[in-house]
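Here's the structure, in structure tokens; my notes come after.
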Amino acid sequence: MKLRIYFQLPLLLFFHPLLLPQGISYGQNCPPSGFPEYTIECFDGFDYFCCHQDFTVCCFDDVFNYWCCPAGTSCGDYYNADQQCLKDSSPSTTTIPEGGTTTTVPGSDTTTTIPGGSSSAGQYIAAININGNGENDSPESSGTLPGTSFFESTPMLYRQDGKPLIRWHDQPFPRPDLSSIRQTKEVLKKRAETLHSEDVTVYDVGDTGFFWVKDNNDSAWRQVSATVQKSGTHANIFVDNTISISNENLEEYATEFETMYTVVRDNIGVFTDRNGDNKVAVLLYAMNDDGSVATGYMGGYFWSKDYLNDSTTSVQGIRSNEMDIIYIRGNEPQGWSTETDYDFYNYNLTTLVHEYQHLVHFCIKVWTQGNSGDFSDVWIDEMMAMASETMYFKYKLQNDTAYSHPSMQGQGYLADRIEYYNIDPRDSIKNGHGLSFWDNQGDVFANYTLSYLFGQYLAIQSSTGQDIFKAILDYMIANGVHDYQGVVGAASQRISGIGSWEDLLKSFYFANLANEASGRYGYNSNFTVSAQGPTADSVNIHNSGAVYRKVDGAWSAPADAGPSIRFHETSASVTPGTTTVPSGGGGDTTTTVSGGACGIARLLGHKSAKTALIRNFRDTVLRKTGYGRELIDLYYLHTAEVVSIVTNKPKVRALAGKTLVDLLPALDYAVKKNHLKLTSFEISRINKLCEALKQHAGPDLTYAIETLQNDLLTGTLLNDLTIE
């Protein structure tokens, strides 16, 4: 069933950019009847079109867009309306102004804000929610945004290297109340006065222990029996007795944990021993959940309840293992072996340092602080955990320049977190997903991405580099703060020009837009991110989130914007980055495209009434049903391969364009009547396109296409959608 689900939508929605823009007359004979001024004949090898006599340059791209340019210009980029016709091809540069009016940020310092501007063509603005609260979200309206959006897309779940985008997560579990933590520490203090060494349980290799766990599919707490299979100076590696992991993988975990211990010790701090054996327990066990490559999976977790006594937590329905322990996924998530060629345990290795940072963070911020201790906002703890992964990679690279890892890019950065920003598959980030509010009920992967990028922005810009994370912890402890104020306090001492949370957010979000090679508005060329505009003219921006718009000429901040929304402006247009569309399983070549976050961003990026119709079909029809929403979430599994075929096979591209033109009336009817109907002619056109795609498809895509064809002919497709 899943193959049918995630492939139906691409054939209905995927090819809409192949439409021909308005303002051009089509037909082999120029001028066409009734349009005597359209005398310039153009031909792209498949179709003829006519340009107005004042526009002598014929323009078309590889996704069936046509336009005309005047003499003395060249064809630019159809997807950016201001660049359809270019006088020269030299790229523009980006500079960010420091000017503006002074305004007071509620609950913060005095900062600089630009309420409006008088831009020349090609400016960009950022609307930022400066509320730094991480515990309670206060989304505020952007108001009716000036200008237009750019690079709107619904992209594929593949990285630039063609590998699947891996989305693993941990989970911020309910935190113990501080009074319970203090009571437990008092009990342990008294117990320590009479504790003898023989009362401490010490595990050796071959010893078995029992551990309380409760996963998403567990109705009650259960105990996992696990045996110590490897032991190091600072950790025991326990393995669930129901699973088998190679000795090579276990040796890697034991050895690398010692490196991770060193990295975290030098940059964050050390753990506090809870159970007296001076070692962290690392439990690799079979998680009972629905984690998968397609939807994301739990990679591991730390839960501070294990520092409390079980007698305390069990009253609350939670079982404690009364030890310093981190939990690591020991079973492959669904689809791993079929969708990736990675060794799972090697890939998931960095979860170890991620979760160990959480343990250390808790010990430093809460456990050792007496009555003054408190938990950091989740996004800060996660920012440091992901920063620890990069610290680990950088440490490995210092000792071995040839070191590589499937989740690493460049000089130690996390490929999947960076790519998630560029891809933004659920359109969350471009629509103002918040940095400071951790949204487990929404697009939590957007939270991971923003927190990671923000942390790396701090480290790259800081005069003390990665040391800024320890400085943040020190500042929070010294000043009794636990949220964004600790970040600002440390950053203002290490990053020039930062005096407030608004300053820091503005600099971060402009860095994502500008990607300058040096200075405050970029990542010093360590990696590139591709900012995108929102999908609507008015959106709710969550705490510490931002949206971007492009403006031409004078603009002003909307009067109906929320009180925490601030508007800032760049001083020149931004040159888009370059992204690679991965090739598919059919042996087609990889095509490099510029102007968007990925290949599909180009295919879906331009703005027209027909494109709006497709989006309306997706958002107002498909999203209304569970089946339709599953379609939207899963259909990109084969998109990379389809993109490659359509981009590199002109005949398939031409057929796809004609097929979509024929489908538009049906989609328009579906939007207006909330019911999708396809005629026999439309079904036959889709079937013909399926046959063309299969000629270049790999085995998995071929199977998906054949399933679709069967569903078209039997009527299963329309019945399964159940859109009424």
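In this text, all values refer to a predicted model and were calculated from it rather than measured experimentally.
Side-chain atoms of N309 and Q183 form no donor-acceptor pair, as typed in the model, at a separation below 3.5 Å. With no hydrogens or angles considered, no side-chain donor-acceptor pair links K396 and H405 at under 3.5 Å. Y327 and D306 share a side-chain donor-acceptor pair at under 3.5 Å. Looking only at atom types and distance, the side chain of D443 has no donor-acceptor partner in the side chain of H433 under 3.5 Å away. Using modelled atom types and a 3.5 Å distance limit, the side chains of K279 and S231 yield a donor-acceptor pair. In this structure, a donor-acceptor pair under 3.5 Å is present between the side chains of S376 and H361. T350 and E389 are linked by a side-chain donor-acceptor pair at a separation below 3.5 angstrom, with hydrogens and angles left out of the test. A donor and an acceptor atom, one from each side chain of K394 and Y403, are nowhere located under 3.5 Å apart. Of the N and O atoms on the side chains of N331 and Y297, not one donor lies less than 3.5 Å from an acceptor on the other residue. Using a 3.5 Å distance cut-off with no hydrogens or angles, the side chains of T262 and T259 do not pair a donor with an acceptor. Side-chain N/O atoms of N241 and T227 include a donor and acceptor closer than 3.5 Å. Side chains of T390 and Y452: a donor on one and an acceptor on the other come within 3.5 Å. Using modelled atom types and a 3.5 Å distance limit, the side chains of N216 and D290 yield no donor-acceptor pair. D218 and N288 are linked by a side-chain donor-acceptor pair at a separation below 3.5 angstrom, with hydrogens and angles left out of the test. Side-chain atoms of N447 and E382 form no donor-acceptor pair, as typed in the model, at a separation below 3.5 Å.
In this structure the side chain of Y342 reaches within 4.5 angstrom of the side chain of I166, judged on heavy atoms. The shortest distance between side-chain heavy atoms of L165 and R417 does not fall below 4.5 Å. Between E419 and T449, every side-chain heavy-atom pair lies at or beyond the 4.5 Å cut-off. Side-chain atoms of N247 and Q229, non-hydrogen and from C-beta on, never get closer than 4.5 Å to each other. Residues N278 and H234 have side chains not in contact (no heavy-atom distance under 4.5 Å, counting atoms from C-beta outward). Inter-residue side-chain proximity for L178 and D374 is flagged as met; some heavy-atom pair is nearer than 4.5 Å. A 4.5 Å side-chain heavy-atom check between L349 and Y392 finds at least one atom pair inside the cut-off. Proximity of K230 to V282: side-chain heavy atoms (C-beta onward) are nowhere separated by under 4.5 Å.
Other residues, nucleotides and ligands place no more than 12 heavy atoms under 6.0 Å from the CD atom of Q411.
Looking at S292, its side chain never comes within 3.5 Å of a backbone N or O of G335 through a donor-acceptor pair. Checking side-chain atoms of D343 against main-chain N and O of Y347 turns up no donor-acceptor pair under 3.5 Å. Between the D207 side chain and the D204 main chain, a donor and an acceptor come within less than 3.5 Å of each other. T464 places no side-chain N or O within donor-acceptor distance of the main-chain N or O of D467, the cut-off being under 3.5 Å. Between the side chain of R265 and the backbone N or O of M260 there is no donor-acceptor pair closer than 3.5 Å. No donor-acceptor pair closer than 3.5 Å links the side chain of E252 to the backbone N or O of N346. Within the 3.5 Å criterion, the main-chain N or O of Q441 finds a donor-acceptor partner in the side chain of D439. Looking at S320, its side chain does come within 3.5 Å of a backbone N or O of L308 through a donor-acceptor pair. Looking only at distances, a side-chain donor or acceptor of D240 sits under 3.5 Å from a matching main-chain atom of T242. The closest donor-acceptor contact from the side chain of N399 to the backbone of Y395 lies under 3.5 Å.
Across G373 and R182, no two heavy atoms sit closer than the pair O-NH2, 3.9 Å. Of all the heavy atoms in I268 and S388, the pair that sits closest is CG1-OG, 4.2 Å. The nearest pair of heavy atoms linking Y475 to G486 is CD2-CA, 3.6 Å. The two residues D381 and H358 have their closest heavy-atom pair at OD1-ND1, 2.9 Å. Nearest heavy atom pair, residue F257 against residue A235, reads CD2-CB, 3.4 Å. Taking both residues in full, the closest heavy atoms of A286 and I243 are given as CB-CG2, 3.8 Å, listed atom of the first, atom of the second, then distance.
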Chi angles and distances behind the ring-ring contact (aromatic ring centres under 6.0 Å, His included) call for Y285, F211: CA-CA 10 Å; Y285 81 100; F211 303 89; 9.2 Å; no
Audit row: R319, D310, salt bridge (charged side-chain N to carboxylate O under 4.0 Å, His left out) steps and yes/no: CA-CA 6 Å; R319 304 307 302 263; D310 187 54; 2.7 Å; yes
Worked verdict on M383 versus I472 for side-chain contact (heavy atoms from CB on, under 4.5 Å): CA-CA 11 Å; M383 173 184 72; I472 291 171; 4.1 Å; yes
Evaluation steps, side-chain contact (heavy atoms from CB on, under 4.5 Å), between L450 and W379: CA-CA 9 Å; L450 288 171; W379 74 270; over 6 Å; no
Intermediate values then yes/no, side-chain contact (heavy atoms from CB on, under 4.5 Å), T201 and D277: CA-CA 7 Å; T201 301; D277 66 351; over 6 Å; no
Stepwise side-chain contact (heavy atoms from CB on, under 4.5 Å) check, V529 with N422: CA-CA 6 Å; V529 294; N422 292 338; 3.7 Å; yes
Audit row: R329, D289, salt bridge (charged side-chain N to carboxylate O under 4.0 Å, His left out) steps and yes/no: CA-CA 11 Å; R329 189 181 198 95; D289 63 0; 2.8 Å; yes
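Only one option out of Y448, F508, Y523, Y421 pairs with F454 in a ring pair (Phe, Tyr, Trp, His ring centres under 6.0 Å); it is F508. Test Y307, F271, W303 against F362 for ring pair (Phe, Tyr, Trp, His ring centres under 6.0 Å) and you get one pass: Y307.
Taking CG of L397 as the reference point, atom CE of M408 lies at 4.5 Å (rounded to 0.5 Å). Taking CG of L473 as the start and NZ of K365 as the end, the distance is 7.5 Å to the nearest 0.5 Å. Between the CH2 atom in W168 and the CG atom in D416 there is a gap of 11.0 Å [rounded to 0.5 Å]. Rounding to the nearest 0.5 Å gives a distance of 11.0 Å between CD of Q369 and SG of C363. Going from atom OH of Y203 over to atom CG of N275 covers 8.0 Å, rounded to the nearest 0.5 Å.
Note on ring orientation: taking the six-membered ring where Trp is involved, the planes of F445 and Y420 are tilted (angle from 30° to 60°). Ring planes of Y356 and Y261: tilted class, angle from 30 to 60°.
The aromatic ring centres of Y301 and F173 sit less than 6.0 Å apart.
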